[in-house]
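Since the structure comes first, as structure tokens, the remarks are kept for the end.
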Amino acid sequence: MIKITFPDGAVREYENGSSALDIAKSISEGLAKKVLAASVNGEVWDATRPIYNDAILKLLTWNDAEGKSTFWHSSAHLMAEAVESLFDGVKFWVGPPVENGFYYDMDLGGKQITEDDLRKLETKMAELAKKNEVYVRKEMPKAEAVKYFAEKGDEYKLDLLQNLKDGEITFYTQGNFTDLCRGPHIPNTGFIKAIKLTNIAGAYWKGDEKNKQLTRIYGVTYPSQKELDEYLQMLEEAKKRDHRKLGKELGIYTMNDDIGQGLILWMPNGTVIIEELEKLAKETELAAGYKRVVTPHIAKENLYITSGHLPYYADSMFPPMEMDGEKYYLKAMNCPHHHKIFDAELKSYRDMPYRIAEYGTCYRYEQSGELFGLMRVRCLHMNDAHIYCSKEQFAAEFKAVNDMYLKYFKIFGIDKYVMRLSLHDPAKLGEKYINEPELWLQTEELVRNVMKEANIPFVEVKGEGAFYGPKIDVQIWSTIGREFTLATNQVDFAQGRRFKLSFTNKNNEPEIPLIIHRAPLGTHERFIGFLLEHYAGKFPTWLAPVQVKILPISDKFMDYAQTVLQSLKKADIRAEVDDRSEKIGKKIRDTELAKVPYMLVIGEKEMNEGKVSIRRQGKGDLGAKNIDEFVAEISNEIKERI
RNA sequence: GCCGUUGUAGCUCAGUGGUAGAGCACUUCCUUGGUAAGGAAGAGGUCGUGAGUUCAAUUCUCAUCAACGGCUCCA
């Protein structure tokens, strides 16, 4: 007998060799039908795998993350079986579960797969699923496995085997499909009731663009059609908040072939938002002791040789222009320009920390395939600033920047983000990262400690640092699930030295400053793209391009509408009159759809009483008020950025 | 940059080897209506661009540009 400990602490005895599924059955048949896998002593196992020792057991169902990922992993195998039955000579690479579904990478030997094939594959998968094929686990010695795949001529699986040792190698078979796989899997294919193959994509083998490109098929499966439908419905809803769709509908920005890829034309509505954001940034930075500067969009080649950017980023800068025998580059970052401003006047410790800010325009030649609406563009306006400080001042300055982030996030109600401490990758020192191993470790520890002391939760990721130092990135997700860095706070221990920057310290010695690069509001492009999705286009009043729309019931009240308009304009409120000869219902509908925060309905009653009837977008009629009263209220809302 | 898909009116989309259609938006007229679509008429497109096949191409082929879904990349 073996002792099984359940999550609630209960301990029960079972026959040696019982599987998690056997144990589930002994509890209830209903439970057994839902068990997809099991956590045995913290390791995820097949529910059907016999247990020979005392164990802590957790039965995993669709409601557990591990249950879902096992389900999707098994679905990938099911898809592979379907692919193999419809295409000859396919070689498979890996087929893992992902956040919403799974994919399988395969080499189709030059054959192409089409959307129609996906439908055929879905049908085939459904057919195979109905057979309730059991996923059978089999251990195999390495030599035997190597022989098996060598005979098959499967270089991909042989490659996988290279990194595996004897005793770690297992195969799974369901129906006619056998795959090298560490598992675990769901008991049988019958659990998979609803199948949708979502897209076909190319994917480099092992994620390296120098390698051959494999065909990747993405799919998602569910234990019921209803759940799949709900998921697809949710995707449709997400698309409605896509900033590219909203940006067009609300007249925020446009792009044009004659201008160029990734180059944003900000329309009047978008420009209002830009100006409000800059106003916020300027107020905030002034209060935090920053000074403002303005720098040109281009600079000579030598600047970027000094900064060290050119060897790392030449490919992603626009190619240089030659004038009078000099090469000029469009700037891809503002820091070198700012360093020159720091260097223009002699600095002493009394000048430190020296903080300079600019909404800097930068140009980056992003690869065409990476451009994405407002989120990834080739011309961007950065909420940039550089803080030059001594080592002693660093912690306080870095923390102040973090505090500024949090202050902003509170204003915008941003709460779904992850702070990421982005570190260097020691394997790429001298290649992607400045070759200063000691300084890297010291600076990373410095940043780590600031975060810990400030009690700010963060994750650490190797290989995401800037070439000149570690950073704190604020990661967010677009509505379609892509991850982006919204804001960034970076330490730079390299450029101070490269630019020979210094200040005279208290001991009358020259000292190289540490530099903080920070962009709490990221770039206008990405930040507004994010805000569009975050607010689903319903901007708070202070940001809304049109804050108030005045809706006269009929033409008879047009004069009064003008009076109301003038009162609002006097208070610097962005207001317009809807002077079309439409019915009030139509005017309201159009204004609601345009997501204007306030509508003022005025007719005979309002005119006679000097009032306005207030309607809030999405909330309906709020009743009538005096004009002055409304102006005072909305002015306060705007001033406080509520 | 790579793999795949798409490209028709301002927007969303239908359609065809014989030079095009709907809804919304727009213009004009009628209507002056109290909290999410009043009615009528009209205007608007060399079907992304270039070449090829064809008596004939928006439709087929190729190239190119752009957008989209991934991969790679992101100072």
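Letters go in sequence order (proteins before strands), and every chain restarts at 1. Note: hydrogens, waters and symmetry copies are ignored here, and every other heavy atom, side chains too, is used. None of the values given here were measured: they were computed from a predicted structure.
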I'd like to know if R355(A) pairs up with E397(A) as an ion pair, taking the criterion as any Lys NZ or Arg NE/NH1/NH2 lying under 4.0 Å from an Asp or Glu carboxylate oxygen.
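Yes, this pair counts.
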Using only modelled atom types and a 3.5 angstrom limit, is any donor from either the side chain of [X] or the base of [N] paired with an acceptor on the other?
| X | N | value |
| --- | --- | --- |
| R216(A) | C71(B) | no |
| Q367(A) | C73(B) | no |
| Y204(A) | G1(B) | yes |
| R376(A) | C73(B) | yes |

In B/S/- notation (B base, S sugar-phosphate only, - none; protein heavy atoms under 4.0 Å), nucleotides 32-37 of chain B written 5' to 3' is BBBBBB
The residue among F493(A), Y312(A), Y468(A), W440(A) that forms ring-ring contact (aromatic ring centres under 6.0 Å, His included) with Y433(A) is W440(A)
Of the candidate nucleotides A75(B), C74(B), G1(B), which contains the atom at the shortest distance from the side chain of S368(A)?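 My answer, after comparing the listed nucleotides, is G1(B).
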(message) Need one value for S316(A): base, sugar-phosphate or nothing, where a base atom within 4.0 Å counts as base even if backbone is also close, heavy atoms only.
(response) base
- [ ] For K619(A), report the nucleic acid contact type (base, sugar-phosphate, nothing); a contact means any heavy atom under 4.0 Å.
- [x] nothing
Item checked: Q112(A) side chain near G4(B) phosphate (N/O to OP1/OP2, under 4.0 Å) ->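 Indeed, a polar side-chain atom of Q112(A) lies that close.
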Is it true that, when you exclude [X] itself, more than 12 heavy atoms of the residues, nucleotides or ligands shown sit nearer than 6.0 Å to its [atom1]?
| X | atom1 | result |
| --- | --- | --- |
| E483(A) | CD | yes |
| K538(A) | NZ | no |
| K300(A) | NZ | no |
| E99(A) | CD | no |
| K111(A) | NZ | yes |

So, T485(A) side chain and A487(A) main chain: donor-acceptor pair closer than 3.5 Å or not?
no
Indicate yes or no for a side-chain donor-acceptor contact from K471(A) to the backbone of L421(A) under 3.5 Å, with no hydrogens or angles considered. no
Exercise for review: With salt bridge (charged side-chain N to carboxylate O under 4.0 Å, His left out) as the test, would you mind laying out the steps for D343(A) and K340(A) before giving the verdict?
Suggested key: CA-CA 5 Å; D343(A) 205 28; K340(A) 292 296 185 188; 5.2 Å; no
Ring-plane angle category for H381(A) and H524(A), please: parallel below 30°, perpendicular beyond 60°, tilted otherwise.
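Plane angle between 30° and 60°, so tilted.
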**Message:** Does anything in residues 241-256 of chain A come within less than 4.0 Å of RNA chain B? Heavy atoms only, and list the residues if so.
**Reply:**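 Nucleic-acid contacts, sorted: R244(A), K248(A).
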So, with a heavy-atom separation below 4.0 Å from RNA chain B, the residues of residues 516-526 of chain A are none
Task: Pairwise P distance, U27(B) and C2(B) [rounded to whole Å] - done: 45 Å
(message) Could you tell me how far C29(B) sits from U35(B) if I compare only their P atoms? Round to whole Å.
(response) 27 Å
Sorted by chain and number, sequence neighbours left out, ring pair (Phe, Tyr, Trp, His ring centres under 6.0 Å) with Y156(A) holds for W205(A)
Residue pairs passing the salt bridge (Lys or Arg N to Asp or Glu O under 4.0 Å) test with at least one member in residues 211-222 of chain A, sequence neighbours excluded, are D105(A)-R216(A), D107(A)-K212(A)
From CZ of F484(A) across to P of A75(B) the rounded distance in Å is 13 Å
| message | Can you tell me if Y313(A) is stacked onto the base of A75(B), using a 5.5 Å centroid cut-off and an angle below 30°? | response |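 The ring of Y313(A) is stacked on A75(B).
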Each base of RNA chain B marked ( ) or [ ] if paired in-strand (Watson-Crick or G-U under 3.5 Å), | if paired to another strand and . if unpaired gives (((((((..((((....[..)))).(((((.......))))).....(((((..]....))))))))))))....
CZ of R589(A) to CD1 of I584(A), rounded to nearest 0.5 Å, is 14.5 Å
